[in-house]
Structure formats: structure tokens, C-alpha cells
There are 2 protein chains.
Amino acid sequence: MGNSENTDKPDGGVERAATAQAQMRKGVLELCILSILLQGDAYPTEIIDKLKDTKLVVVEGTLYPLLTRLKNTGLLGYRWEESTSGPPRKYYKLTEIGEQYLKELQLSWAELVDAVNKTIEKGKNNI
Amino acid sequence: MGNSENTDKPDGGVERAATAQAQMRKGVLELCILSILLQGDAYPTEIIDKLKDTKLVVVEGTLYPLLTRLKNTGLLGYRWEESTSGPPRKYYKLTEIGEQYLKELQLSWAELVDAVNKTIEKGKNNI
DNA sequence: ATTAAGTACCTTGCAACGCATAGTACTAAA
DNA sequence: TTTAGTACTATGCGTTGCAAGGTACTTAAT
């Protein structure tokens with residue numbers, strides 16, 4: 001048995017919690033970003049701030065590639081707008097396809113929450 | 001502009017729904033598996049079946065490495081048990097650390113659901 | 001005895017994604 | 001002209017879900 005492929009150490013569960021929370025966030029970001037853009041056009045830094053308000057911390061290295069992906073898929077458009085206090089801002093906007101897609105995402109999200117909660121509940125009955 | 005790094009095509013939102021749902025599931029599997037094991041020891045095939053009951057489809061190629069990871073981190077233990085209808089089964093069991101970790105995961109999950117739902121709700125007010 | 005079918009576990013290689021890091025560029029004040 | 005603040009972009013790494021293929025044990029049929 002080689003031990004070269006596994007960096008996991010038996011470090012107890014406590015230190016892993018932050019990592020796990022990060023993991024759980026995966027894939028939900030799309031939904032949140034599209035939801036934010038439903039409120040109105042926004043530029044990346046603004047999006048990051050709004051996510052922070054709801055305890056979802058996202059960094060630039062995550063957001064920018066994701067926005068580009070969503071744009072390339074036709075879910076988002078953008079326009080440049082001058083700023084009086086710095087470089088120009090890239091305002092992203094939901095397309096019609098994006099809005100339609102967001103509705104599907106919301107449905108998927110609701111189903112997921114339901115499925116996971118069911119699993120959790122079953123466990124709680126059998127302690 | 002090179003088009004070599006991007007496999008996304010503007011295919012509309014509809015076909016992407018399955019992919020997005022898969023993405024959203026990421027990271028939540030740990031929580032679900034540990035929750036199932038809280039109900040009692042179980043072997044992989046059994047775990048897959050139980051997940052299927054709650055609409056969370058997971059395949060072997062996903063589950064086995066994940067169980068190994070959880071075992072290596074000390075969250076799970078296992079024992080072999082004979083079967084009258086096939087090869088022996090590997091029953092996994094929550095360790096004490098695993099139970100403690102599960103509680104943290106459940107908390108993280110609840111917080112995530114809350115944060116995401118808040119974001120979604122804000123969007124719905126501004127249509 | 002050999003084959004087939006059912007059950008169960010395991011490995012390998014790929015692709016996607018989040019993120020840390022580093023870099024570029026514009027404005028304004030010191 | 002240097003410093004600070006704001007904003008967008010690119011690169012490379014590690015983790016993870018998954019498809020695909022493989023091994024092995026049991027029972028029943030040929």
C-alpha cells in the first residue's frame with residue numbers, strides 16, 4: 001500500500017469543518033450570483049459585497065472565471081461603465097435565457113434541500 | 001481570442017440544468033453519508049440504495065473513494081461481515097469523531113441553506 | 001464441470017471547479 | 001512621482017465527482 005496518494009491525516013473532525021463548509025458551497029454559487037443579478041445589474045466587486053452580506057464569502061479568483069463561464073454560455077451579458085473613483089466597471093446583466101435557467105436552478109436547489117433534510121431527519125430518529 | 005480553453009458552448013440554459021444539479025450536490029454527499037451511518041452501520045451498496053430513496057443518485061466511483069477518505073480521516077471505521085448471497089460486505093460505522101464532525105456539518109448545512117435562501121428571496125422582491 | 005447471473009468491492013484517469021497567487025491598469029491624493 | 005484605493009484578468013494547483021473497467025465470491029442452470 002503506497003501512501004503517496006493520500007494527504008488526509010487523522011486530524012480529528014474539528015479542523016476539517018471549514019473545508020467541508022467550503023465544499024458544500026460548491027455549485028451553489030451559480031445560483032446565488034444569478035439571484036443577485038435578478039435584483040439588478042452589478043459589477044463583480046459589488047457582487048462579492050452582496051454575497052458577504054449573506055455570509056457567503058467568495059473571492060475574486062472564484063468569481064471572475066465563473067462570470068466568464070456564465071457569459072460564454074449565454075446566461076449573462078455585460079456592459080462597461082465609467083467610474084469616478086477608479087477603473088471602469090463591468091456591469092453584468094441577466095439574459096432572458098439566464099432568467100429561465102435561474103428558475104430551473106431554484107427548483108433544483110429546493111429539491112436538493114428537501115432530499116438532504118430528509119436524510120438528516122431519518123438519522124435523528126435513530127439515535 | 002483563443003478558443004482552446006473553453007468547452008462551454010452557448011447552448012441555452014435548459015441542457016445545463018442536469019449539470020448544475022450535479023454541481024450543487026457536490027460537497028453535500030459527505031453530510032448525507034454520515035447521516036445515513038448515524039441510522040446504523042451500512043455497507044456501500046446499501047448506502048447507495050438509501051441515497052436513491054431520497055432522490056440523491058450516487059455511483060460507486062464516487063462513493064468508494066469518499067468512504068476511503070472518511071475512513072483515513074478517522075471519521076469512519078469498518079468491519080467485514082459474511083453474506084449468504086455473494087461476497088462479504090464491508091460495514092462502515094461512524095466513529096465518535098465522526099459523530100462530532102457530523103454535528104458541525106449539519107450546522108454548516110443549515111447556515112448555507114439560510115444564506116442561499118436569503119439571496120434568492122431578495123431577488124424575488126425586485127422583479 | 002463449466003457457464004451464466006447476481007452481488008459486492010476496488011482502481012484508474014479525466015474534467016470541472018474553487019481558490020490562492022500574481023499581475024495589469026485606471027484614478028486621486030500626498 | 002510615489003502611494004493608496006479600486007477594479008479587472010490570468011495562471012496553476014488541489015480536491016472531488018464520475019465514467020469505465022476490473023476482480024472476486026456465491027448460487028443456479030446447462
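Hydrogens, waters and symmetry mates play no part in the numbers below; they use all other heavy atoms, side chains included. Quick caveat, the model's predicted, so the values are computed rather than measured. The sequence lines fix the lettering, A, B, ..., with proteins before strands; numbering per chain opens at 1.
- Whole-Å rounding puts the Ile47(A) CD1 to dT9(D) P distance at 12 Å.
- Every residue two or more places apart in sequence or in another chain that forms a side chain to side chain donor-acceptor pair (under 3.5 Å) with Asn117(B) is listed here: Trp109(A).
- With rounding to whole Å, Leu66(B) atom CG is found 18 Å from dT12(C) atom P.
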Listing time: all N or O pairs from protein to nucleotides 4-9 of chain C that are below 3.5 Å?
from, atom 1, to, atom 2, distance (Å)
dA8(C), OP1, Tyr43(B), OH, 3.0
dA8(C), OP1, Arg89(B), NE, 3.0
dA8(C), OP1, Arg89(B), NH2, 2.6
dC9(C), OP1, Lys90(B), N, 3.1
dC9(C), OP2, Thr45(B), N, 3.3
dC9(C), OP2, Thr45(B), OG1, 2.9
dC9(C), OP2, Tyr64(B), OH, 2.9
dC9(C), O5', Tyr64(B), OH, 3.3
dC9(C), N4, Glu60(B), OE1, 3.2
dC9(C), N4, Glu60(B), OE2, 3.3

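- For the ring-ring contact (aromatic ring centres under 6.0 Å, His included) condition, no pair includes a residue of residues 56-75 of chain B, sequence neighbours left out.
- Summarising the hydrophobic clusters (Ile, Leu, Val, Met, Phe, Trp, Tyr; side-chain heavy atoms under 4.5 Å, direct or chained), the residues clustered with Tyr91(A) are Tyr43(A).
- Rounded to whole angstrom, the span from the OH atom of Tyr92(A) across to the C1' atom of dA7(D) amounts to 12 Å.
- For Glu60(A), the side chain to side chain donor-acceptor pair (under 3.5 Å) criterion is met by no residue, not counting sequence neighbours.
- A residue-by-residue look at Glu82(A) and Val57(A) shows that Val57(A) has its nearest nucleotide of DNA chain C further toward the 5' end.
- Legend: residues meeting side chain to side chain donor-acceptor pair (under 3.5 Å) with Asp41(A), ordered by chain and number and at least two apart, are Arg79(A).
- Of the candidate nucleotides dT16(D), dA20(C), dG18(C), dG18(C) has the atom lying nearest to any side-chain atom of Thr62(A).
- Checking the phosphate oxygens (OP1, OP2) of dG14(D), no side-chain nitrogen or oxygen of Arg69(B) falls inside 4.0 Å.
- Side-chain contact between Leu112(B) and Leu56(A) is present, with heavy atoms from C-beta onward closer than 4.5 Å.
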